[in-house]
Structure formats: C-alpha cells, structure tokens
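Here the structure comes first, spelled out in structure tokens, and everything after it is commentary.
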There are 2 protein chains.
Amino acid sequence: MIDTTHRSTGTRQRAQQVALALFTEQGYESTSLRQIADELGINKASLYHHFASKEAILRSLFEDRGTEVADLLTWLREQPRGPRLLEQTVLRWVDTFTTEKLAGIRFTTANPLVVRGLADASGDRVGAPLQELADELVALLPDGGQEQVVLVRMAILSVNAAVQAAAQADVSDAAVVAAAHRAARALVGEIGGAR
Amino acid sequence: MIDTTHRSTGTRQRAQQVALALFTEQGYESTSLRQIADELGINKASLYHHFASKEAILRSLFEDRGTEVADLLTWLREQPRGPRLLEQTVLRWVDTFTTEKLAGIRFTTANPLVVRGLADASGDRVGAPLQELADELVALLPDGGQEQVVLVRMAILSVNAAVQAAAQADVSDAAVVAAAHRAARALVGEIGGAR
DNA sequence: GTCTATACTACGATAGAC
DNA sequence: GTCTATCGTAGTATAGAC
C-alpha cells in the first residue's frame with residue numbers, strides 16, 4: 001500500500017509519472033535526468049536517492065505491470081482448439097486496453113527500440129510474454145504462410161497501430177480503443193477469409 | 001549521375017547507407033558520428049566534409065524521396081467522388097511499397113519521434129504530405145466519426161504496421177508487403193462495412 | 001530526502017596541417 | 001578528402017554536507 005500522507009513520500013511515483021510523460025513525448029534518449037528533476041522541482045542528484053540509474057527509472061515503469069498476457073496465455077492453453085479460438089484470443093487481448101492503459105502503449109510506440117532492448121530485473125525481455133502469445137496464436141493457423149504470420153501479429157498489435165495512427169490526429173482515447181477493436185476483428189477476418 | 005569511378009567519391013552515399021542502417025538498428029540518438037565513421041573506415045572529423053552536422057545526415061536521407069505522395073494527391077483530386085475512391089487510393093498508396101522501399105519504413109517505425117520532429121531544407125515537416133493525404137481521405141468519409149478517422153489512418157499506415165509486426169519475426173520482405181496489402185483492404189472494408 | 005559540488009565520459013563540432 | 005588535435009557542452013553518476 002502506498003503512503004501518500006507525506007508529500008515527499010510520493011516523489012518516486014511522481015518521478016515515474018513525469019518520466020513516462022517525457023519519455024513518451026521526447027523519447028528516452030532525448031530526455032535528461034535534469035529535465036525530469038526540474039519538472040519535479042528537485043535537484044538532479046536527488047533522483048539517485050530513488051533510482052540507481054536512468055535505466056532503473058525506465059525499468060521501474062515496467063515493474064508493476066499486470067499479468068494480463070500470462071493470464072491470457074494460460075486461458076488459451078486450456079481452451080479446446082477450434083476455428084474461432086484465434087479471433088477470441090486476439091479480441092480478448094485487444095479489449096484488455098482501456099483508455100487508462102494507453103499510456104504504456106504510447107510509450108512503446110514512441111520508443112520501440114528501447115522497449116525491444118529492455119530486460120527486467122530477472123533478465124527477461126519485457127516484450128517476451130507478448131512474443132510468446134503471438135507464437136502460440138501463429139501455431140493455431142491451419143496453414144502457416146508468412147503473410148498469415150504477419151497478419152496475426154498485426155492483429156495483436158492493433159492497439160499499437162491505432163495509437164500510432166491517431167498520434168497526429170485529434171481524436172479521443174475512446175475512439176482509439178474502439179478503432180483498435182474493429183481493426184483487430186477485420187484483420188482476423190482477413191486471416192480466416194479468402195486470399 | 002553518380003560518379004563511382006573513384007572510390008572516395010562515393011563516401012557521402014556510403015555514409016548515408018551506413019547511417020540509415022545504424023539509425024534503424026540502434027536509433028538516431030543512440031548512434032554516434034564516431035560509430036558511423038568507424039564503419040566507413042574514416043575519421044569522425046572527415047564526416048564533416050560531407051555533411052554539416054549529424055542532423056544534416058538525417059535530413060539527407062529524406063532528400064531524394066520520390067514524389068509518390070504528391071502524385072497520388074494530385075490523382076485523387078482529379079478523380080470523381082465515388083464509393084470506391086477511398087479504397088482505390090489507399091491501395092494505390094500501399095502498393096507503392098515494394099520490398100526495396102521498406103528500408104525507409106523501417107527507419108520511420110524505429111524512430112517515430114525523430115521523423116515527426118524533422119523538417120526538410122524548406123522547413124516543411126517531412127511527414128506533412130502523408131498527413132495531407134490522410135486528411136483528404138478522411139474528407140471522403142460519409143460520416144466523420146473519430147473511429148473512422150483512426151481506421152482510415154491505420155489503413156494508410158498498413159505498411160508501417162506490417163513492418164513493425166514483422167520486426168521480431170522471421171519473415172521475408174515480400175510477405176510483409178503482401179500482408180500490408182491485405183491488411184489495408186481489410187481495414188478499408190471495415191470502414192465501409194457495418195458497425 | 002534534498003542539496004552543492006564535482007568527477008568522468010562521450011558527444012557534436014571546429015581549426016588547421018597534409 | 002582525410003587526418004590529428006582540441007574545444008565546449010551536456011550527459012550520467014558519485015561524494016559528502018545538511
């Protein structure tokens with residue numbers, strides 16, 4: 001449980017919020033600790049009381065993630081195979097993303113290389129679980145043509161694509177989420193459909 | 001015409017190739033001039049004979065782009081309005097991308113913020129033409145709901161999404177292009193289809 | 001928990017010889 | 001056109017007082 005009684009106690013979390021926002025707007029490499037500290041109203045050196053390094057700030061942003069992917073994987077493996085299982089799983093995944101959870105996606109689409117190269121405290125790539133889900137879904141395909149593989153992965157990444165597509169447009173988060181859902185359905189349909 | 005008689009004459013172009021590759025793999029900010037120079041087998045300072053700055057290298061990569069977007073815009077504006085015009089235009093755009101032209105897309109998806117903030121020698125954002133195309137296509141929509149706007153933009157960015165989806169998978173460029181085409185068709189269909 | 005002060009490094013960039 | 005040498009800056013990070 002988080003103690004918010006004393007203002008100073010929340011510095012770590014405020015730093016995470018500020019860092020996430022700046023990393024998303026400007027990029028991880030283009031954001032300096034000085035900038036984060038300034039926005040927090042503290043000294044640059046003080047950040048090191050809360051985080052061991054800049055990368056530690058970054059990694060901390062991935063620490064408290066939910067177990068959605070793992071849960072979905074477990075669910076998927078328990079399901080009987082069937083022609084609708086691919087679509088069901090993809091939509092379950094896409095519908096995980098409510099408007100509040102778009103911040104993480106925005107960070108990822110803004111810093112793809114950073115995320116790709118990032119490992120958590122256990123040394124596991126942070127993108128590994130989603131990769132695993134993708135592989136499992138590809139295995140459901142009747143024929144494993146390369147086009148199909150790409151389409152499956154595109155379907156999974158519909159939310160990312162929607163966020164990116166909306167980046168330059170003035171649309172609500174709700175519209176982004178709704179568009180992502182429809183896109184995922186259309187893409188899954190294309191996989192199953194004629195070619 | 002490019003003189004390739006003397007080895008040294010090609011240094012500028014070799015530098016562009018090396019820079020494009022490194023920027024794509026590691027990101028623009030994470031790539032130093034020293035690294036580019038090393039890969040070229042020349043001194044860091046020598047790069048400044050060919051380019052005025054690191055950003056000049058970056059901008060040079062966008063200099064010799066074709067006029068595909070502008071041409072497509074011209075074509076679009078000459079067409080009679082019709083229910084198939086949106087689909088036709090999107091597919092014309094997506095089919096612009098052959099396997100050789102994926103390198104630019106890979107760079108863009110790896111460095112979205114860099115591209116977004118980049119202006120050419122005339123001060124125009126390099127992404128402006130595509131933005132214009134998107135706006136024009138959105139104007140074709142019978143109802144301009146925000147979801148539809150996102151879906152149109154997703155359709156245009158199908159190649160980008162396909163490249164990103166394939167980034168971690170072992171698929172051929174041909175499969176990426178083919179998947180992008182099918183995705184674009186599916187997304188356009190979703191726009192026109194029932195909701 | 002925050003500060004000042006500082007170390008160390010790497011970067012982009014320039015000057016000038018060859 | 002490439003080199004050596006160097007400049008100035010900004011970055012991450014650390015030491016130690018308060």
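All values below were derived from every heavy atom in this structure, side-chain atoms included, with hydrogens, water molecules and symmetry-related copies excluded. Reminder, nothing fancy here: chain letters follow the sequence lines and each chain counts from 1.
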_In whole Å, I'd like the distance from the NE2 atom of B:His49 to the C1' atom of C:dA13._
16 Å

*Closest non-hydrogen atom pair between A:Asn160 and A:Thr109, with its separation*: O-CG2, 3.7 Å

*Plane angle bin for B:Phe23 and B:Phe107 - parallel if under 30°, tilted between 30 and 60°, otherwise perpendicular*: tilted

*Please state how far atom CZ in B:Arg12 lies from atom C1' in D:dG1, giving the value in whole angstrom units.*
14 Å

*Taking every non-hydrogen atom, the tightest pair across A:Ala134 and A:Ile156*: CA-CD1, 3.6 Å

_Heavy-atom closest contact (B:Thr31 atom, B:Lys54 atom, distance)_ = O-NZ, 2.8 Å

_Distance below 4.0 Å between B:Thr11 side-chain N/O and D:dT2 OP1 or OP2_ = yes

*B:Leu72 backbone acceptor or donor facing B:Arg92 side chain under 3.5 Å*: no

*Salt bridge between B:Arg106 and B:Asp173, side-chain N to carboxylate O under 4.0 Å?*
yes

_Footprint string (nucleotides 4-18 of chain D, 5' to 3'): B base within contact, S backbone only, - free, heavy atoms under 4.0 Å_ = B------SBBB----

_Interatomic distance where CG belongs to B:Asp38 and P belongs to C:dA10 [whole Å]_ = 13 Å

